[in-house]
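Have a look at the structure below before the remarks.
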Amino acid sequence: MADPRHEPSTAARAALRPPIVGPGHTPTSVTDKIAAVVTAGTPRWWFLGAGGAFSLLGIFAISVFWLFAKGPGIWGINNPVAWGFAIINFVWWIGIGHAGTLISAILLLLKQDWRNSINRFAEAMTIFAVACAGMFPLLHMGRPWRFYYLLPIPNTFTLWPQFRSPLIWDVFAVTTYALVSILFWYVGLIPDLATLRDRSKNRFAASIYGLLAAGWRGSTRHWHQYEVASMLLAGLATPLVVSVHTVVSFDFAVGQVPGWHTTIFPPYFVAGAVFAGFAMVITLTIPLRYLFGLQDFITARHMENMGKVMLATGLIVVYGYAIELFIAWYSGNGFEQFMIHNRITGPYRYSWFALILCNFVAVQFLWSSRVRKSVLGLFIVSMFVNVGMWLERFVIVVTSLHRDFMPSSWGMYTGTIWDWATYIGTIGLFLSLMFLFIRFLPMISIFEMRMILPEAKNAKKGA
Amino acid sequence: MSLSNSSRPLRGYLAEFDAPEKVVDAIHRVREEGYEKYDTFSPYPCEEMADAMDVHRSWLPFIVLGGGITGALTGWALQFLTSTQVYPMNIGGRPYNSWPAFIVVIFECTILFAAFSAVLGMFALNRLPQPHHPLFGIESFKRASQDRYFLYVESTDPRFDIHSTRAFMESLDSSEVTAVED
């Protein structure tokens with residue numbers, strides 16, 4: 001038993017740890033404030049933003065149409081570099097998704113209740129990022145209408161997938177990840193859908209929300225099973241998210257190409273994914289909390305905590321870069337040494353230096369609490385990381401492939417306008433889904449916000 | 001609200017509270033009186049209400065365990081049978097039953113089946129989806145999903161009596177008692 005004299009007073013504790021919800025809030029005010037974003041009229045900026053997003057989505061539609069009409073030859077892929085933008089963008093998007101699962105599952109298991117105001121949004125980001133990621137392997141197939149060859153479906157050719165290949169592991173990992181993320185998100189939404197059902201003035205909206213809420217009444221017996229289910233899902237999603245990016249890294253690490261064939265890849269990819277994902281959460285929450293006036297719920301402490309996670313995972317990623325350099329030297333393998341030499345001094349050296357600038361130099365500013373507490377500072381660093389993580393995959397894919405073992409099969413790779421259009425198009429797909437989400441569903445988990453209010457905490461003390 | 005003017009059957013009484021502590025006290029009173037068919041409602045999971053109602057057990061972990069084991073066996077059987085029996089492929093002379101290479105898919109199938117068991121099991125144990133419930137007819141019950149707490153005693157309880165139960169519910173520290181009709 002601790003000496004009560006050493007226990008900090010409530011006021012002292014509050015000063016040490018800034019609150020995770022603004023003062024004076026009650027379940028009524030939290031519900032009103034968050035649900036109003038959905039039930040009130042559409043703000044004008046939403047139409048502007050959604051219009052921009054849908055225009056980018058149009059670029060995606062045009063690129064996909066042209067791809068189907070002409071074939072993957074419209075992309076820059078060629079013989080040494082058969083995996084170009086498609087795999088870079090696939091890994092980039094999948095990585096962005098991982099922060100959502102981390103925030104919703106791992107921080108739930110660790111009882112970090114500051115996550116309650118950002119988990120819904122981050123989970124949505126996960127699902128939309130996985131949807132964008134999934135586009136690239138499908139489009140890269142050339143004949144995407146035959147995608148079902150990837151799945152173990154009994155067919156008249158009696159063909160079955162090759163289960164010793166990391167590419168088929170990837171199909172299982174990413175499909176499982178997408179389905180489990182959707183389940184987790186939907187389960188989290190059920191009580192809030194019931195809130196929207198009960199608040200909607202519009203009968204049509206109320207019946208749609210009611211259908212989705214599945215008759216949720218908030219019974220104590222239901223809540224009990226619900227919480228058990230949430231904890232179990234979090235426990236399942238945690239190893240899943242680690243496995244997904246591990247399997248993505250196997251796509252490279254199991255190959256023999258210098259620069260890919262390395263054991264550091266699984267942990268380095270997982271850390272990179274969390275790093276990229278937190279950067280994207282910061283990039284998106286900063287404008288949204290302003291536009292909807294949600295600073296009481298997504299507070300300065302949230303922004304600072306996310307900055308700290310970004311710094312920690314960024315340092316793991318930089319450690320990965322250092323180990324790559326070290327192993328090239330220490331292994332004494334000539335191909336590995338050439339690969340590093342070519343990466344730093346070869347024709348793509350600009351991408352490697354830009355990568356170091358974005359993922360190493362820019363992130364070091366987060367050591368300063370002034371930068372972490374400044375919204376603008378965090379936003380700038382997160383944009384650097386978004387770009388840096390794309391460059392990282394570019395460096396891994398292109399510099400490794402374009403000069404491998406035989407100089408006779410060396411070549412150069414550049415993305416064509418259609419590569420860029422498809423990539424920008426998926427950003428449009430992501431933003432379109434985001435705009436629809438923030439308009440029609442509560443972007444902050446209302447019931448989880450009620451849980452961290454003083455009213456709920458008082459009940460705990462009284463019992 | 002009237003007690004007898006309506007022709008519709010009475011399903012129970014609903015008491016509204018403005019604080020979770022009041023519901024906890026009410027639950028103790030309800031249990032002392034010997035009622036068994038009652039339930040409480042809150043806009044967020046409230047541990048104290050669950051403690052007072054003695055709601056602790058759940059079969060869900062066992063359902064999820066069963067789902068996970070089924071998933072693992074499915075993943076293994078899928079790969080073992082296709083790789084050794086249905087469509088054996090000789091890749092670099094490696095064994096058809098390359099079990100270490102099968103671990104990833106077995107793991108993913110375990111998680112997938114377990115996650116679906118968790119969600120479907122939660123729905124089944126809670127008897128959801130349930131499109132109609134007598135409580136949805138009560139206007140004030142809309143606040144159960146927002147900022148109010150409710151106690152509901154069902155008319156099927158053996159101790160339920162139209163008059164004495166209502167009197168008992170009104171003696172609780174609630175703001176309003178409503179008759180719930182179908």
Side-chain angles (χ1 to χ4, degrees), chain A residues 26-28 31 35 152 158-164 166 168-169 172-173 175-176 179-180 183-184 186-187 191 194-195 197-199 210-211 214-229 232-233 236-237 239-240 243 247 250 447-448 450-451 455-456 458-460 462-463, chain B residues 19-21 24 39-53 55-56 58 60-61 64 68 78-79 82-83 86-87 89 91 94 98 101-102 104-105 107-109 111-112 114-116 118-119 121-123 125-126 128-133 135-136 141-147:
Chain A
T26 63
T28 318
T31 309
T158 70
L159 285 171
W160 288 89
Q162 213 289 76
F163 284 109
R164 283 162 287 187
I168 202 77
W169 303 347
F172 275 81
T175 311
T176 303
L179 292 173
V180 173
L183 282 183
F184 200 12
Y186 174 61
V187 168
T195 303
R197 169 197 67 200
D198 293 340
R199 285 178 66 98
L211 200 64
W216 183 261
R217 301 187 290 284
S219 149
T220 301
R221 296 173 211 277
H222 288 186
W223 276 123
H224 175 64
Q225 305 285 5
Y226 179 89
E227 289 220 289
V228 173
L232 286 168
L233 280 174
L236 292 166
L240 175 65
S243 89
V247 172
F250 284 163
F447 86 90
E448 283 173 303
R450 294 184 196 119
M451 284 169 76
E455 182 167 327
N458 287 345
K460 205 146 280 181
Chain B
E21 304 91 270
V24 172
D39 204 351
T40 56
F41 304 87
S42 57
Y44 53 86
C46 184
E47 228 176 284
E48 295 66 38
M49 284 161 62
D51 283 345
M53 287 171 70
V55 174
H56 292 295
S58 173
L60 197 56
V64 174
L78 170 71
Q79 298 179 88
T82 56
S83 304
V86 190
Y87 195 67
M89 270 182 280
I91 310 278
R94 286 175 182 81
S98 302
F102 297 165
V104 172
V105 172
F107 175 79
E108 302 299 341
C109 290
I111 298 285
L112 183 66
F116 270 94
V119 177
M122 185 271 284
F123 272 101
L125 292 172
N126 285 344
L128 295 174
Q130 189 174 4
H132 176 72
H133 192 279
L135 285 173
F136 289 144
F141 189 70
K142 290 195 165 166
R143 295 184 75 175
S145 68
Q146 300 177 50
D147 53 4

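Here is how names work: the chains are called A, B, and so on, in the same order as the sequence lines, proteins then strands, and each is numbered from 1.
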What distance separates Phe116(B) CZ from Leu236(A) CG, expressed to the nearest 0.5 Å? 12.0 Å
According to the interplanar angle, ranging from 0 to 90°, do the rings of Phe123(B) and Tyr186(A) count as parallel (below 30°), tilted (30 to 60°) or perpendicular (above 60°)? parallel
Distance check, rounded to the nearest 0.5 Å: Trp223(A) atom CH2 versus Tyr44(B) atom OH? 10.5 Å
Should Glu108(B) and Ser243(A) be marked as a side chain to side chain donor-acceptor pair (under 3.5 Å) after you check the CA-CA gap, both sets of side-chain angles, and the distance that decides it? CA-CA 8 Å; Glu108(B) 302 299 341; Ser243(A) 89; 2.8 Å; yes
Just how far is it from atom OH of Tyr87(B) to atom CG of Leu159(A), taken to the nearest 0.5 Å? 4.0 Å
Closest contact, heavy atoms only, Ser145(B) versus Asp198(A): OG-OD2, 2.7 Å
Report the C-alpha distance between Phe41(B) and Thr220(A) in whole Å, list the side-chain angles of each, state the deciding distance to 0.1 Å, and finish with yes or no for side-chain contact (heavy atoms from CB on, under 4.5 Å). CA-CA 6 Å; Phe41(B) 304 87; Thr220(A) 301; over 6 Å; no
Less than 4.5 Å to any heavy atom of chain B: does that hold for the side chain of Pro166(A), its backbone, both, or neither? neither
Thr28(A) OG1 to Gln146(B) CD distance, which is reported to the nearest 0.5 Å: 8.5 Å
Heavy-atom nearest pair, Arg221(A) first then Asn126(B), reads O-OD1, 4.0 Å
Atom OG of Ser42(B) and atom CZ of Arg450(A): how far apart are they, to the nearest 0.5 Å? 9.5 Å
Modelled atom types, side-chain donor and acceptor of Gln225(A) and Ser58(B), under 3.5 Å: yes
Pick from Gly210(A), Ala229(A), Gly218(A), Pro191(A): which one has the most heavy-atom pairs with chain B under 4.5 Å? Gly218(A)
With a 4.5 Å cut-off on heavy-atom pairs, point out which of Cys109(B), Ala115(B), Ala118(B) contacts chain A the most. Ala115(B)
CG (Leu128(B)) and NE2 (His222(A)) are apart, to the nearest 0.5 Å, by 5.0 Å
Can you list the steps and then say if Gln130(B) with Arg217(A) is a side-chain contact (heavy atoms from CB on, under 4.5 Å)? CA-CA 10 Å; Gln130(B) 189 174 4; Arg217(A) 301 187 290 284; 2.9 Å; yes
Going through the checks in order, is the side-chain contact (heavy atoms from CB on, under 4.5 Å) test met by Thr82(B) and Phe163(A)? CA-CA 9 Å; Thr82(B) 56; Phe163(A) 284 109; 3.3 Å; yes
Side chain from CB out, backbone as N, CA, C, O: work out which of these in Glu448(A) comes under 4.5 Å of a heavy atom of chain B, or both, or neither. neither
